[in-house]
Colleague: 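Got a structure for you, written out below as structure tokens; questions coming shortly.
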Amino acid sequence: MKTIYSLFASILLLWGIIAAVSPKPTLYIIGDSTVKNGSGRGQDNMWGWGSFLHEHFDTTRIHLENHAIGGRSSRTFITEGRWDKILTDLKPGDFVIMQFGHNDNSAINDSTRARGTIKGLGEETEEIDNLLTKKHEIVHSYGWYMRKYVDETKAKGAIPIICSPVPRNSWKEGKIATSEAGHRQWAEAVAASNGAFYLDLFGLIVPQYEAVGEEKVKNEFFTPKDNTHTNEAGAKLNASSVVKGLKSLKKCSLKQYLKK
């Protein structure tokens with residue numbers, strides 16, 4: 001009997017050692033200001049949903065890093081070197097959840113932001129001398145950049161999850177208006193063609209907004225500064241919608257790290 005107890009104790013010890021030396025998976029979050037605004041600490045009561053996502057996860061079992069930054073598009077998050085820094089640390093079993101599109105409609109080349117992408121999913125390019133960065137650049141389509149994120153995530157053995165852009169506080173005849181020209185559909189198409197999971201955040205959030213109405217959404221979920229940036233309550237609603245979407249993904253292993 002003592003031998004059995006000793007064997008059992010040894011197995012438990014071995015499991016403990018394995019658990020101690022095995023690194024936790026990391027969930028990397030990338031996107032724009034609707035995912036993390038400023039430093040992510042709610043300056044001017046402007047929050048992104050990525051700042052509250054950790055509240056839904058068992059952080060003893062998974063590590064979360066929110067690398068989203070305001071003003072970036074699917075293009076400039078790459079050209080500024082932010083994606084390369086994540087790729088350096090990305091390992092098998094990690095996750096990357098991404099949401100771009102709000103800023104991809106901007107100008108492709110100007111002296112203030114130069115962050116736009118070519119509309120659609122194609123392989124066409126535009127060669128520019130960037131007026132902002134003073135660098136020569138080849139600009140691709142939104143679909144091209146999103147495929148790059150997905151393919152490079154998978155090449156590292158990690159799992160990509162694409163989100164549609166979240167809705168703005170933009171209404172027409174009592175209904176939320178689609179503000180991003182095609183980016184919701186293009187995001188879904190990239191996920192389908194390149195083997196990523198897809199969360200239709202627009203589709204998940206809009207019914208919640210329309211159920212309470214335009215006035216309440218404006219006063220309770222958005223800042224008075226514009227129709228894009230959520231306050232704390234709005235960001236938490238969006239984060240809960242991300243979680244709701246994750247739970248609906250049948251084969252996505254990320255949901256096993258959610259709090260019970």
Side-chain angles (χ1 to χ4, degrees), residues 28-35 67-92 94-168 178-203 228 245 249 251-252:
Y28 293 93
I29 307 166
I30 63 175
D32 53 39
S33 60
T34 63
V35 185
H67 290 264
I69 181 168
R72 273 56 182 187
S73 65
S74 63
R75 164 191 164 196
T76 55
F77 196 87
I78 290 172
T79 57
E80 292 177 358
R82 299 178 186 278
W83 177 237
D84 282 342
K85 290 180 181 178
I86 292 172
L87 279 178
T88 299
D89 296 326
L90 196 62
K91 63 185 184 298
D94 285 345
F95 303 87
V96 179
I97 189 166
M98 61 194 82
Q99 182 212 276
F100 290 103
H102 284 98
N103 298 317
D104 283 73
N105 264 339
S106 302
I108 286 177
N109 195 14
D110 63 13
S111 59
T112 58
R113 292 178 175 177
R115 61 189 182 184
T117 55
I118 297 172
K119 291 178 172 58
L121 299 165
E123 294 294 334
E124 63 268 34
T125 61
E126 184 173 332
E127 198 164 346
I128 65 169
D129 291 311
N130 194 311
L131 296 172
L132 178 63
T133 66
K134 311 303 180 185
K135 295 178 180 179
H136 191 72
E137 184 181 352
I138 297 176
V139 180
H140 300 269
S141 72
Y142 173 78
W144 187 92
Y145 292 108
M146 297 304 287
R147 288 192 294 271
K148 180 177 174 68
Y149 289 119
V150 170
D151 293 346
E152 292 182 349
T153 296
K154 292 172 68 177
K156 286 281 190 172
I159 299 169
I161 304 164
I162 295 178
C163 300
S164 75
V166 293
R168 300 180 194 263
T178 301
S179 53
E180 270 51 67
H183 293 91
R184 177 187 180 194
Q185 291 77 18
W186 299 330
E188 183 177 16
V190 170
S193 65
N194 287 60
F197 291 103
Y198 176 67
L199 297 182
D200 181 12
L201 295 189
F202 188 94
T228 299
L249 298 177
K251 296 182 179 180
C252 184

Colleague: What's the shortest heavy-atom distance between N105 and H183, and which atoms?
Modeller: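 Looking at all heavy atoms of both residues, the shortest contact is OD1-CE1, 3.4 Å.
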Colleague: Over all heavy atoms of both residues, which pair between S141 and G122 is shortest? Give the atoms and the distance, please.
Modeller: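 Answer, listing the atom of S141 first, then G122: OG-O, 2.7 Å.
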Colleague: Less than 4.0 Å between a side-chain N and a carboxylate O, is that true for K135 and E137?
Modeller: no
Colleague: Do the side-chain N and O atoms of S106 and R115 include a donor-acceptor pair separated by under 3.5 angstrom?
Modeller: yes
Colleague: Do K154 and P160 have side chains that approach each other closer than 4.5 Å (heavy atoms only, starting at C-beta)?
Modeller: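 In short, these two side chains touch, coming nearer than 4.5 Å.
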Colleague: Look only at the side chain of T125 and the backbone of I138, and say whether a donor-acceptor pair between them is shorter than 3.5 Å.
Modeller: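 Pair absent, no side-chain N/O of T125 close to backbone of I138.
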Colleague: Can you see which heavy atom on N130 is nearest to which on L132, and at what distance?
Modeller: OD1-N, 2.8 Å
Colleague: Are more than 12 heavy atoms from other residues, nucleotides or ligands located less than 6.0 Å from atom NZ of K91?
Modeller: yes
Colleague: Which of these, I97, T153, D94, sits in a side chain to side chain contact (heavy atoms under 4.5 Å, CB included) with Y28?
Modeller: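 Considering I97, T153, D94, a side chain to side chain contact (heavy atoms under 4.5 Å, CB included) with Y28 is found only for D94.
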Colleague: On a heavy-atom basis, which atom in C163 and which in A187 lie closest, and how many Å separate them?
Modeller: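 Reported closest heavy-atom pair: O-CB, 4.3 Å.
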Colleague: Using modelled atom types only, decide if a donor and an acceptor are shared between the side chain of Y149 and the backbone of S74 within a distance under 3.5 Å.
Modeller: yes
Colleague: Going by the angle between their ring planes, with limits at 30° and 60°, are Y145 and H140 parallel, tilted or perpendicular?
Modeller: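 The arrangement is perpendicular - the two ring planes meet at more than 60°.
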Colleague: Distance check, rounded to the nearest 0.5 Å: L90 atom CG versus E152 atom CD?
Modeller: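 The distance works out to 10.0 Å.
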Colleague: Going by distance alone, is a donor N or O of one side chain under 3.5 Å from an acceptor N or O of the other, for Q99 and T34?
Modeller: yes
Colleague: Within a reach of under 6.0 Å around CZ of R82, are more than 12 heavy atoms found that belong to other residues, nucleotides or ligands?
Modeller: yes
Colleague: Give the minimum heavy-atom separation between L201 and P167, together with the two atoms involved.
Modeller: O-CD, 4.3 Å
Colleague: Compare every heavy atom of I162 with every heavy atom of A191, then report the nearest pair and how far apart it is.
Modeller: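 So the two residues come closest at N-CD1, 3.8 Å.
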Colleague: Hey, are the side chains of E123 and W144 touching, using non-hydrogen atoms and a 4.5 Å cut-off?
Modeller: yes
Colleague: Quick check: does any side chain N or O of S33 sit under 3.5 Å from a backbone N or O of G71, one acting as donor and the other as acceptor?
Modeller: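 Side chain of S33 to backbone of G71: no pair is present.
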Colleague: Give, for atom CZ of F197 and atom CD1 of I159, the distance between the pair rounded to the nearest 0.5 Å.
Modeller: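 These two atoms lie 6.5 Å from each other.
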Colleague: With distance as the sole test, does R168 use its side chain to make a donor-acceptor pair with the main-chain N or O of H102 at under 3.5 Å?
Modeller: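 Checked: pair present.
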Colleague: When you compare the side chain of Y142 with that of S73, does any pair of heavy atoms fall below 4.5 Å?
Modeller: no
Colleague: If the threshold is 4.0 Å, N to carboxylate O, is there a salt bridge linking R184 and D200?
Modeller: yes
Colleague: Is the backbone of I108 close enough, under 3.5 Å, to the side chain of R75 for a donor and an acceptor to pair up by distance?
Modeller: yes
Colleague: May I ask you to decide if T79's main-chain N or O and T76's side chain share a donor-acceptor pair within less than 3.5 Å?
Modeller: no
Colleague: Could you check whether any side-chain N or O of D110 sits under 3.5 Å from a backbone N or O of A114, counting only pairs where one atom can act as donor and the other as acceptor?
Modeller: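 Looks like yes, one N/O pair under 3.5 Å.
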Colleague: Establish, yes or no, whether a centroid distance under 6.0 Å links the rings of F100 and F77.
Modeller: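 Here the rings of F77 and F100 have centres that are less than 6.0 Å from each other.
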Colleague: I'd like to know if the side chain of H136 reaches the main chain of I128, judged simply by a donor and an acceptor atom lying under 3.5 Å from each other, with no hydrogens or angles considered.
Modeller: yes
Colleague: Is there a side-chain contact between M146 and W186 (heavy atoms, below 4.5 Å)?
Modeller: no
Colleague: Rounded to the nearest 0.5 Å, how far does OG1 of T117 lie from NZ of K119?
Modeller: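 One finds 7.5 Å between NZ of K119 and OG1 of T117.
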